[in-house]
**Q** 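The structure's right below; bear with me while I get my questions together.
So that the names make sense, note that chain A is the first sequence line, chain B the second, and so on, each numbered from 1.
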Amino acid sequence: MGDPALGAAVFKKCQSCHQVGDQAKNRVGPQLNDILGRTAGGLEGAKYSKSMIQAGQDGLVWSEDTLDSFLESPKSLVAKTRMSFRGLKDPEDRANLIAYLRSFSKGPIGASSMQETGQGIDIKLDPSVLAMVGDAEYGEYLSSECLTCHQSSGSNDGIPGITAWPTEDFVIAMHAYKQKVRSHPVMQMMAGRLSDEEIAALAAYFSNLE
Amino acid sequence: MKLNRRVLIGSGAAAATALAAPMAFAGGHGKPRVVVVGGGAGGATAARYIAKDSKGAVDVTLIEPSRMYYTCFFSNLYLGGIKTIDDLGHSYGTMAAGGVNVVHDWAVGVDRDAKTVTLAGGASVPYDKLILSPGIDFVEGAVAGWDLSSQNAMPHAYKGGSQTELLKAQIAAMPQGGTFAMVAPPNPYRCPPGPYERVSMVAHYLKANNPTAKIIVADPKPKFSKQGLFQEGWGKHYSGMIDWIGDEFGGGNVSVDPGAMTVTIDGEVTKVDVCNVIPAMKAGRIAELAGVTDGKFAPVNAIDMSTKAGADIYVLGDASQQGDMPKSGFSANSQAKVCANAVRGALTGSRVFPAKFSNTCWSLIDTNDGVKVGATYEATDEKIAKVDGFISATGETADVRKATYEESEGWYAGITADMFG
Ligand SMILES: Cc1cc2nc3c(=O)[nH]c(=O)nc-3n(C[C@H](O)[C@H](O)[C@H](O)COP(=O)(O)OP(=O)(O)OC[C@H]3O[C@@H](n4cnc5c(N)ncnc54)[C@H](O)[C@@H]3O)c2cc1C
């Protein structure tokens, strides 16, 4: 039996893409309220790979067991999932994380009430910055600098894929690095010299790269 | 007529020469032609990007003698037993599938007036724009007693492939308690942390297989890249094994005797079992033959990597003299994209965007003990100039170091996918 309190700490690895709890929204990945019992690829309004949708149509439903094997190695269970995460090798981490997620699910083992919100790192951005329409052709050129490390196929061999992100999440993430709210020395440096227009251009390009 | 790889390879030099005449006249019409010499970090990237982004509007030919590219990056991890030689090899097949005309031959000359490149097989290939990314060659006479004919007795292992395998075999054959010596290179050279990552990985191997062995490094430099990080790691993981002799202790006053397998450092002769000689470097010879070098390397304009010698020739990567960027695979790949954008723009009128460069070099000190250093750069009138940078700190936690190593694996997969498609 996992410990939801410890699972909350493990969830930090997830929260740049997933939200859970009160007011959780779909971001880069689907929101995770009521994940136990949900059909894979089955949440309205969330962005999925074709293979995740197919897995759901073939009968994959998220239970503690299926989540456990997915979290251990996402690509072993759903080969072309957009979830660009290497996996949690430690069984205890997985059990704790699943216990934490269970506390936001009405699923089979019943749920406690929804408590605090596990949300992604958010920053204040002027709405005009978020509303900017990026120059995708410039974005394609700028993206070549990202592709030295982030693979255009979206694969993750130690550095996450960044393709097919919703534009807004991309813009927020890049500004969070630029403002040094999100930590990572390489990304803070790379984002640090991008203008608002350049971030919008990159977001426009990557959001269409499948 | 398009240069056809099967014809060249299948029918030998005579057919290749016969092909040369019509090709040399084909330059005036049809698609613009880009010829790239050297299919490494700089050349492969440039060829692939121009072919991909021009969507067939530019004819791209890559000239590269090897069938497989063995990366120097991660070759130290192979010496340490962490990667296999197969992990380092990449075939050019994917590039051909991506629209690049891959010719396996050596470029042996450049005629700047006729705008042709001559190949060892005899063919001459016309270009509108020529991109040279031949990597490095060694400065003759740089280490007393060593020349290329001694590279079997005392390997450099500073070009990928067979040399790296040879060095690995020699390390494995060392007697218990034997001595591994390295003669480190003077600046500037490819991969500033490379020799010291190598020392770490050789120590990693020896600690497990030959724990009483010793490592001596003769270094002509007073200090080296990531020195604090490496020396901290050497003390922690390989205490007492590594003796680094810097310039102040005569590390620059070195000669070797490949027959006797001795190294003489500041007058003191030592018999060694393996001697890794990494001589001073210069641009790959074809850059010199093209007449674009000034001294050891080829000065370039930062804005597009065109040579100061003009003539529609660009030089990328280790062979170029560009300013502040270290000679690394990451840098070569970064420069290639700026160059590809400019060359395509010049030939097809596509949009040309401002030059932006970056670099990050990861090094592995011991299993899961990774460190990194990186910077961003911009083009000024004078050079590629550093904007901002960072370096791993000493005393970082094991978790941070492990995450850094895992990130380096991601980078390796990323850059090789970016080079070859
Ligand atoms: C031990 C070691 C570790 C390293 N580690 C890293 C690292 O971790 N990260 C990093 O970024 N960099 C690293 N590097 C540096 C990196 O390998 C080089 O900086 C990079 O390969 C330079 O790219 P390039 O295109 O200039 O040359 P190369 O990649 O060397 O490519 C040159 C190509 O040109 C071909 N060629 C040469 N002459 C001719 C000719 N006349 N005709 C046709 N073809 C020709 C060669 O066959 C070769 O394939 C390391 C280097 C070493 C030695």
**Q** Quick check: closest heavy atoms across A:L147 and B:K337, and the distance to 0.1 Å?
**A**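 Looking at all heavy atoms of both residues, the closest pair is C-NZ, 4.4 Å.
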**Q** Step by step, would you call A:R86 with B:E409 a side-chain contact (heavy atoms from CB on, under 4.5 Å)?
**A** CA-CA 12 Å; A:R86 282 190 136 186; B:E409 291 197 295; 3.6 Å; yes
**Q** With a 4.5 Å heavy-atom cut-off, do B:N341 and A:E140 have their side chains touching?
**A**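 No, side chains not in contact.
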**Q** With a 6.0 Å cut-off (strictly less than), is the heavy-atom count around CG of A:L6, excluding the residue itself, greater than 12?
**A**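 Yes.
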**Q** Which bit of B:S358 is near chain A, if near means a heavy-atom gap under 4.5 Å: side chain, backbone, both or neither?
**A**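 Contact with chain A involves both backbone and side-chain atoms of B:S358.
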**Q** Counting heavy-atom pairs under 4.5 Å to chain A, which of B:F353, B:Y405, B:Y412, B:W411 comes out on top?
**A**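 The option with the most such pairs is B:F353.
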**Q** Do B:K356 and A:E198 meet the salt-bridge criterion of a basic N to acidic O distance under 4.0 Å?
**A**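 The answer is yes: the pair qualifies as a salt bridge.
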**Q** Looking at every non-hydrogen atom in both residues, tell me the closest pair between B:A413 and A:D157 and how far apart they are.
**A**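 Distance-wise, the nearest heavy atoms are CB-OD2, 3.5 Å.
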**Q** Would the number of heavy atoms belonging to other residues, nucleotides or ligands and lying under 6.0 Å from CD of B:E406 be above 12?
**A**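 Above 12, so yes.
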**Q** Under a 4.5 Å heavy-atom cut-off, does chain B meet the side chain of A:E137, its backbone, both or neither?
**A**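 For A:E137, the contact with chain B is made by backbone and side chain together.
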**Q** Give a yes or no on whether A:D126 atom CG has more than 12 heavy-atom contacts from other residues, nucleotides or ligands under 6.0 Å away.
**A**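 Check passes, neighbour count above 12.
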**Q** Of the backbone (N, CA, C, O) and the side chain (C-beta and beyond), which part of B:D388 lies under 4.5 Å from a heavy atom of chain A, both, or neither?
**A**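 For B:D388, the contact with chain A is made by backbone and side chain together.
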**Q** Report, as yes or no, whether the 6.0 Å neighbourhood of atom CD on A:Q179 holds more than 12 heavy atoms from other residues, nucleotides or ligands.
**A**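 Check passes, neighbour count above 12.
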**Q** State the CG-OG distance between B:D53 and A:S144, to the nearest 0.5 angstrom.
**A**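 OG of A:S144 is found 8.0 Å from CG of B:D53.
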**Q** So, does A:Y141 use its side chain to make a donor-acceptor pair with the main chain of B:V338 at under 3.5 Å?
**A**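 Judged by distance alone, no pair lies under 3.5 Å.
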**Q** Could you check whether atom NZ of A:K12 has more than 12 heavy atoms from other residues, nucleotides or ligands sitting under 6.0 Å from it?
**A**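 Atom NZ in A:K12 is not packed in, count stays at 12 or less.
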**Q** When rounded to the nearest 0.5 angstrom, what is the spacing between OG1 in A:T148 and CG in B:D418?
**A**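 Rounded to the nearest 0.5 Å, the OG1-CG separation comes to 5.0 Å.
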**Q** With distance as the sole criterion, is a donor-acceptor pair present between the side chains of A:E145 and B:S334 under 3.5 Å?
**A**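 Not at all, the side chains of A:E145 and B:S334 share no donor-acceptor pair under 3.5 Å.
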**Q** For residues B:A375 and A:M189, report the shortest heavy-atom separation together with the two atoms involved.
**A**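 Minimum heavy-atom contact is CA-SD, 3.4 Å.
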**Q** Taking all non-hydrogen atoms of both residues into account, name the closest pair between B:A417 and A:Q151 and its distance.
**A**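 That closest heavy-atom pairing would be CB-OE1, 4.4 Å.
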**Q** If you apply the rule side-chain contact (heavy atoms from CB on, under 4.5 Å), what do you find for B:E407 with A:V186, and how did you get there?
**A** CA-CA 11 Å; B:E407 193 175 277; A:V186 181; 4.3 Å; yes
